[in-house]
Amino acid sequence: MLCLLIICCVFLTTGCWDQRVMQDTYYAVAIGADYRDNKYTAYLQFMDFSQVAKTEQGKASEKIPIWIATGTGPTMVDALRDILTISPQPYVLSHVSSVILTDRAIEHGLNGILDYLGRYPDFRTTASMFGTKDDLTAILSATPLFNLAPLTMIEHSPESIAKQHTYIPPLEVRDFNMQYRDTANTVILPCLSLTNDWMEGEKPHPQPYINGAFLFQHRQYRNWLSARDLSGYRWVTPNTKRSILLVRTNQRKPAMEVAVWYVKPTIEAHMQNGNPVFDVRVKGKATVVADQYSGNNVSELVDQEIREEIMSTFLRGVKEGADVLHLENALYRKHNQMWKETFQKNHLSSVDKGMLRDVKVDIKISHAGRLRIDS
């Protein structure tokens, strides 16, 4: 009798009693943060993965709906908890692939947001991170072209765009955290904006794109710079996969366009009259995309164009008190004692325009495309 009772108890007490059906759980794919009137506003973007999985040949027959929930609170944790109080079902953050912060949240300070993202166990720090000066609801509500899956949008899959044309490389949350807390690093956080240049028939179809970046140095927000201001940054970061360059003549007329690959930047630090100075070297390969030039000094023009972009971006960063070329970080990593004797001892907040001594560029034209170069 006792054995029969035990067997019955085993059958009654085993099983996944607390298992939740996937359809009963909300999966957030993006987190947004805003700060206004002394309160945080948290945004969560949700998608129905069952509809995404039903797509045939990579796209659905109709648009996949995007859901956005918002909550407010004195801290980011309270704002996200506020969403939980209005949610019909529990949500999880394990599928979040994008974090977007408004300029107001950035200017208020990131410690509260970064602390939460670092502590939440389900959150994956490989998510991409962006800032924005636009309305966050509009950014998160944008839908992909051609009814593709929403996870193909740039905020969720920035690498696919960067492989084709890198201007400001994407940044993951873990990399941002590491660089933000680093002693001598400068963080270049990509900024998303909406463009209405895409049309669905005669109706604009807003699409997010990267139009600039927010700069941080020594855990302080410095300023926002446009993509044009940061054009030289792409040549000093090894994260550049491929980038298109408009090459102009000495008379500043468009001559050709080239695609630059395999960028290999090197920063050399030296002491001159007791102060650090830096030499930047850039090597790479390029293929001709369009050619309207009849001269024979193509390589010289390419090198000159890149050199001018690097110098222009460096000076623009100095104006905002930001070391965009990561010169101080190169000194800190390679010549730490020299860094202590200069930046740390003298309490320098950033580089000055006299520290960039020389820029040398050596780009080899490896291919002329399907046509030869006229010369």
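The pair Asp78-Lys39 does not meet the salt-bridge criterion, since no charged nitrogen lies less than 4.0 angstrom from a carboxylate oxygen. With salt bridges taken as basic N to acidic carboxylate O contacts below 4.0 Å, one links Glu320 and Arg316. Between Lys360 and Asp362, none of the side-chain N atoms (NZ, or NE/NH1/NH2) sits under 4.0 Å from a carboxylate O, so this pair counts as no salt bridge.
Without hydrogens or angle criteria, Arg234 side chain to Ser231 main chain gives a donor-acceptor distance under 3.5 Å. Distance alone, capped at 3.5 Å, places no donor-acceptor pair between the Thr152 side chain and the Leu148 backbone. Asp279 places no side-chain N or O within donor-acceptor distance of the main-chain N or O of Glu268, the cut-off being under 3.5 Å. With hydrogens and angles ignored, the 3.5 Å screen pairs a side-chain donor or acceptor of Thr132 with a backbone N or O of Leu192. Side-chain atoms of Ser98 come within 3.5 Å of backbone atoms of Glu155 as a donor-acceptor pair (strictly under, hydrogens ignored).
By the rule that hydrophobic residues join a cluster once side-chain heavy atoms approach within less than 4.5 Å of another member, Leu246 and Val258 end up as members of separate clusters.
Aromatic rings from Phe123 and Tyr116 are positioned such that their centres are separated by 6.0 Å or more. Aromatic ring centres of Tyr40 and His108: separated by under 6.0 Å.
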Steps toward ring pair (Phe, Tyr, Trp, His ring centres under 6.0 Å) verdict (Tyr233, Tyr167): CA-CA 8 Å; Tyr233 172 61; Tyr167 215 95; over 10 Å; no
Going through the checks in order, is the salt bridge (charged side-chain N to carboxylate O under 4.0 Å, His left out) test met by Arg104 and Asp34? CA-CA 6 Å; Arg104 289 179 294 272; Asp34 192 10; 2.9 Å; yes
Are His156 and Gln45 close enough, and set up right, to give a side-chain hydrogen bond (donor to acceptor under 3.5 Å, both in side chains), and what steps lead you there? CA-CA 11 Å; His156 298 289; Gln45 182 192 54; 3.0 Å; yes
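In this structure, Lys241 is not positioned above the aromatic face of Trp261 in the sense of NZ or CZ being under 6.0 Å from the six-membered ring centre and within 45° of the axis.
By the ring pair (Phe, Tyr, Trp, His ring centres under 6.0 Å) test, Tyr262 is found to be paired with no residue, residues two or more places apart in sequence or in another chain being considered. By the side chain to side chain donor-acceptor pair (under 3.5 Å) test, Thr70 pairs with no residue at all, sequence neighbours left out.
Contact between Thr342 and Pro276 at its shortest, heavy atoms only, is CG2-CD, 3.6 Å.
Enclosure of atom CD in Glu300 is not indicated, since only 12 or fewer non-hydrogen atoms of other residues, nucleotides or ligands lie within 6.0 angstrom.
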